[in-house]
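Computation of the quantities below employed the complete heavy-atom set of this structure, encompassing side-chain atoms and omitting hydrogens, waters and symmetry-equivalent molecules.
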Amino acid sequence: MSDLLANLNPPQLQAVTLPPVHGLILAGAGSGKTRVLTTRIAWLISTGQVGPHGILAVTFTNKAAKEMTARLSSLVPINVRGMWIGTFHGLCNRLLRAHYREAGLPQTFQILDSADQLAMVKRLLKNLNIDDEKYPPRELCHFINAHKEQGVRAGQAEVYDNYTQKRVEIYAEYEAQCNREGVVDFAELLLRCYELLQRNEPLRAHYQQRFRHILVDEFQDTNVLQYAWLKLLAGGGANVFAVGDDDQSIYRFRGAEVGNMRDFERDYAAQNIIRLEQNYRSQGNILAAANAIIKNNRERLGKNLWTDAGEGEPIRAFEAYSDLDEARFVVEEIRELVRDGVVPTQIALLYRSNAQSRVLENELFTKNVPYKVYGGLRFFERQEIKHALAYLRLLGNPDDDTAFLRVVNFPTRGIGARSLENLQATAHQMNSSLYNAAASLTGKAGQTVGAFIRLIESLRQETEGLPLPEMVEHVIEKSGLAQHYRTEKEGQDRLENLDELINAAATFIDDEGAIGEGGALVSFLTLASLEAGEHQAGEGQEAVQLMSVHAAKGLEFDVVFITGLEQGLFPHENSVNEGKDGLEEERRLMYVAVTRARQRLYVSCAQTRMLHGQTRYCMPSSFLDEIPENLMRKLNKKAEATSAVPSFSAFGGGYAEPPASGGLRIGQTVEHAKFGIGVIVSTEGRGADARVQVNFGGSGMKWLALEYAKLTPV
DNA sequence: TGGGAGTGCTTTTTT
DNA sequence: AGCACTCCCA
């Protein structure tokens with residue numbers, strides 16, 4: 001026991017050993033948050049205050065859940081496997097599987113991922129004859145998800161105009177279709193679970209009694225529904241231990257409510273607010289920069305990180321002529337660092353948006369520096385994997401129209417759009433699934449679709465009773481998928497991935513001993529939806545790490561490069577246009593980026609950057625100005641960096657000659673009475689029609705007519 | 001059916 | 001620029 005609490009600092013100790021009351025832990029970056037969470041659980045159990053059975057621990061990512069489980073099992077000698085530690089979605093899934101009947105779901109209900117959801121909405125629009133230009137499917141998905149995340153069903157949605165009226169109708173149709181097919185989307189897992197507990201008194205009482213301690217990680221990322229779900233489960237007197245950092249809330253754009261942290265204080269009358277402010281990660285200068293940046297945000301609960309690690313190195317700043325120039329600089333520094341003995345995996349290259357990785361990758365590749373890019377297509381989201389899974393889903397649930405349509409003509413078997421229209425109309429009339437309606441088709445469509453149905457039926461018979469991996473293998477082979485990719489030119493990778501899927505099934509059986517409700521297949525398919533990203537090959541190589549700032553949250557590195565620090569890019573102009581809240585979220589993002597670094601931090605920007613196929617002229621990010629000068633060392637000579645116009649002679653060429661217009665050049669710095677200092681980004685028209693686009697930094701990007709706007713060259 | 005051409009979008013991302 | 005998606009023709 002004393003071991004357990006050894007080496008905790010006073011606030012950490014206070015948090016871990018909090019009496020059984022609600023607690024809100026404001027845990028700064030690098031302050032030992034995960035340690036506090038796991039030690040708290042271990043302490044509660046080992047002091048006999050609660051059994052493993054009475055703990056509910058919630059995280060946002062599978063990775064965090066796994067790490068928590070692993071650390072916990074190393075702290076206390078208990079079997080953590082049966083414990084309720086998992087993601088919001090994972091735990092809701094577990095609960096719904098256990099009570100599928102009460103929740104009104106089929107035992108084998110499947111989970112739609114975002115792509116499946118989008119496909120379903122598109123299909124719905126087509127069936128309902130709704131113009132998808134007027135009602136963009138993506139926007140509708142967002143509309144539906146946002147409502148679910150607010151706990152609002154179609155029937156309760158607020159209608160304030162005709163347009164929304166229509167969207168709500170589509171929402172209702174979507175709900176109906178999901179129910180017909182027996183599938184749920186991500187938000188539905190939570191909402192369904194919430195409603196079940198709310199409606200079913202005995203069930204609610206059972207779980208309220210059971211979970212005596214509820215612990216929540218990354219509390220700042222919870223949305224309205226998750227908050228309500230927690231509150232419901234805690235309603236029987238459980239103690240809620242919420243850990244979060246309002247300064248690291250970077251998911252507002254997908255529904256996270258930082259406000260939940262303030263609400264928590266109120267709703268739980270939390271007298272116990274503990275701040276973990278000692279940072280064990282970064283050197284002093286880095287931390288000072290982070291503090292200086294985040295200080296500019298108004299909406300904060302307040303917290304100041306400190307360290308006793310010493311100042312460390314200054315922050316290195318570099319202003320490049322172009323994105324290419326920036327990439328060269330970064331790669332050159334990396335080569336030097338590696339020569340000096342820095343481990344490549346301890347070097348991170350961060351950027352605001354994924355599109356920025358390309359230049360960097362190219363330069364790394366050219367200079368033979370091994371690197372790994374995070375983000376991008378995940379294993380279970382690959383086309384060939386989704387196809388194989390669709391066949392498997394049809395075996396488990398023939399009513400799954402999404403799966404049906406995905407593979408009914410893949411590989412092609414002569415079932416064209418005509419036949420499918422026919423089939424969908426029939427299904428609509430019969431109010432049944434496509435699979436069911438197939439039997440009623442006549443003519444050629446009846447023949448071809450009938451053959452497909454027979455294929456699925458025979459797959460089902462042949463795989464009956466087979467172990468999961470063999471079942472998967474059989475389906476891949478006999479469905480014609482394997483053959484299709486064997487003949488395709490680019491099919492080799494896909495075949496390998498399909499083999500990998502068979503391996504994943506084998507591993508799954510070994511790990512889980514398998515079999516929840518509904519058998520191994522259903523559990524495996526659930527895993528594929530809920531943990532799409534977990535299965536990533538090629539980790540742990542000696543490679544430099546490239547990722548977006550979002551993806552870097554929760555990680556740390558000896559050396560961090562934050563690239564593309566330009567106004568409009570980071571902070572991103574879309575966020576800035578959202579107003580002050582948008583800018584504050586961008587600033588938190590910058591804060592997250594800075595606090596990833598242990599020993600050395602580079603910040604860089606470029607004066608020109610290729611974006612969306614055209615050269616943009618950029619001003620340095622306002623965040624750079626927020627880092628105190630005395631913490632920084634500028635790496636390029638001032639004289640070279642003053643002109644915003646790249647010169648041919650100074651650099652290896654490759655720049656387009658800026659066209660002249662009205663005496664103003666692209667790249668020219670100008671002053672406007674209202675918007676201040678800006679850089680001309682592009683021009684249009686001649687003479688009286690001439691217009692110029694000017695990037696005014698903080699005041700945004702503007703198109704101005706030269707005839708009216710007074711622009712003074714600076 | 002399938003491929004080639006044309007069109008339009010493009011922040012961040014987990015589940 | 002690059003990618004996903006649609007449309008149209010062989």
Side-chain angles (χ1 to χ4, degrees), chain A residues 58-65 86-93 111-119 122 126 132-133 136-139 142 145 148-149 184-191 193 218 221-223 225-226 249-256 323 350-359 362 374-378 380-381 383 409-420 448 488-489 526-534 547-554 564 568-578 582 585-586 588-590 592-593 609-616:
Chain A
V58 200
T59 63
F60 273 84
T61 65
N62 293 299
K63 200 174 159 198
T87 62
F88 278 102
H89 294 86
L91 295 169
C92 286
N93 172 63
I111 300 163
L112 298 182
D113 67 15
S114 325
D116 296 331
Q117 185 186 35
L118 185 66
K122 283 181 180 170
K126 207 162 249 173
D132 62 358
E133 298 209 340
R138 269 172 209 288
E139 199 273 331
H142 182 256
N145 293 337
K148 289 191 180 186
E149 281 162 11
V184 298
D185 59 41
F186 288 134
E188 184 72 25
L189 278 173
L190 278 144
L191 183 52
C193 186
E218 306 277 14
D221 287 338
T222 50
N223 62 34
L225 181 54
Q226 287 158 342
S249 160
I250 55 175
Y251 287 110
R252 200 183 54 125
F253 71 92
R254 64 172 199 223
D323 45 357
L350 307 184
Y351 32 79
R352 172 68 238 265
S353 62
N354 285 310
Q356 288 166 250
S357 75
R358 188 161 248 107
V359 210
N362 199 31
Y374 290 82
L377 200 54
R378 289 141 50 170
F380 283 106
E381 288 171 357
Q383 181 207 109
N409 197 35
F410 194 97
T412 50
R413 34 180 84 90
I415 302 173
R418 251 286 118 70
S419 306
L420 287 181
T448 51
E488 200 182 53
K489 284 187 291 291
T526 301
L527 171 100
S529 313
L530 249 32
E531 298 188 27
E534 289 304 284
M547 65 192 84
S548 70
V549 179
H550 284 91
K553 190 172 153 202
L569 193 62
F570 195 4
H572 199 278
E573 54 199 353
N574 294 2
S575 299
V576 175
N577 292 341
E578 285 167 21
E585 174 136 327
E586 292 290 307
R588 291 192 291 269
L589 202 48
M590 179 66 184
V592 168
R609 180 176 297 275
M610 279 294 277
L611 214 62
H612 313 320
Q614 55 178 336
T615 308
R616 273 175 48 140

What are the atom names and distances for every N/O pair under 3.5 Å that joins the protein to nucleotides 1-8 of chain B?
residue	atom	partner	partner atom	Å
B:dT1	OP1	A:Asn409	OD1	3.3
B:dT1	OP1	A:Asn409	ND2	2.9
B:dT1	OP1	A:Gly414	N	3.2
B:dT1	OP1	A:Ile415	N	2.8
B:dT1	OP1	A:Ile415	O	3.4
B:dT1	OP2	A:Asn409	ND2	3.4
B:dT1	OP2	A:Ile415	O	3.4
B:dG2	OP1	A:Thr412	OG1	2.6

Mind listing the N/O atom pairs, protein and nucleotides 4-10 of chain C, below 3.5 Å?
none

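Summarising the geometry, atom CG belonging to A:Leu530 is positioned 5.5 Å from atom CG belonging to A:Asn93; distances are rounded to the nearest 0.5 Å.
Counting heavy atoms from C-beta outward, A:Thr61 and A:Lys553 have side chains that stay 4.5 Å or more apart.
Within the nucleic acid shown, A:Ser575 comes within 4.0 Å of at least one base atom, counting heavy atoms only. Note on A:Tyr251: only backbone sugar-phosphate atoms sit closer than 4.0 angstrom, heavy atoms only; bases stay farther off. Residue contacts shown for A:Asp221 are absent, as no nucleic acid heavy atom lies under 4.0 Å away. Residue A:Phe60 is in sugar-phosphate contact alone, with no base atom involved, counting any heavy-atom pair closer than 4.0 Å across all strands shown. Across all strands shown, A:Glu578 has heavy atoms under 4.0 Å from base atoms, whether or not it also approaches the sugar-phosphate.
Under the side chain to side chain contact (heavy atoms under 4.5 Å, CB included) criterion, A:Arg138 pairs with A:Leu118, not counting sequence neighbours. In terms of the side chain to side chain donor-acceptor pair (under 3.5 Å) criterion, residue partners of A:Glu578 (sequence neighbours excluded) are, by chain and number, A:Arg252. Partners of A:Thr222 under the side chain to side chain donor-acceptor pair (under 3.5 Å) rule, at least two apart in sequence or in another chain, are A:Asn260. Annotation: side chain to side chain contact (heavy atoms under 4.5 Å, CB included) contacts of A:Met610 (sequence neighbours excluded): A:Asp323, A:Thr615. Residues satisfying the ring-ring contact (aromatic ring centres under 6.0 Å, His included) criterion with A:His572, sequence neighbours excluded, are absent altogether. By the side chain to side chain contact (heavy atoms under 4.5 Å, CB included) test, A:Ser114 pairs with A:Phe186, sequence neighbours left out. Checked against side chain to side chain contact (heavy atoms under 4.5 Å, CB included), A:Pro411 has the following partners two or more places apart in sequence or in another chain: A:Tyr391, A:Arg413, A:Leu481, A:His484.
Nucleotide B:dT15 holds its C1' atom 14 Å from the CZ atom of A:Phe380, rounded to whole Å. Taking atom CZ of residue A:Arg254 and atom P of nucleotide B:dT12, one finds them 13 Å apart after rounding to whole Å. Across the protein-nucleic acid pair, A:Gln356 atom CD and C:dG2 atom C1' stand 16 Å apart, rounded to whole Å. One atom, CD of A:Glu586, and another, C1' of B:dT12, lie 8 Å apart when rounded to the nearest Å. Atom-to-atom, CZ of A:Arg588 to P of B:dT13 comes out at 16 Å; the value is rounded to the nearest Å. For the pair A:Tyr351 OH and B:dT12 P, the interatomic distance rounds to 10 Å; values are reported in whole Å.
Donor-acceptor pairing under 3.5 Å, judged by distance alone, is present between the side chain of A:Ser114 and the base of B:dT15.
When the side-chain nitrogen and oxygen atoms of A:Asn354 are compared with OP1 and OP2 of B:dT13, one or more of them lie within a distance under 4.0 Å. Look at A:Asn62 and you won't find any side-chain N or O under 4.0 angstrom from OP1 or OP2 of B:dT14.
In this structure a side-chain-to-backbone donor-acceptor pair under 3.5 Å is present from A:Asp116 to A:Asp113.
Between A:Ser353 and A:Gly90, the residue whose closest nucleotide on DNA chain B is further toward the 5' end is A:Ser353.
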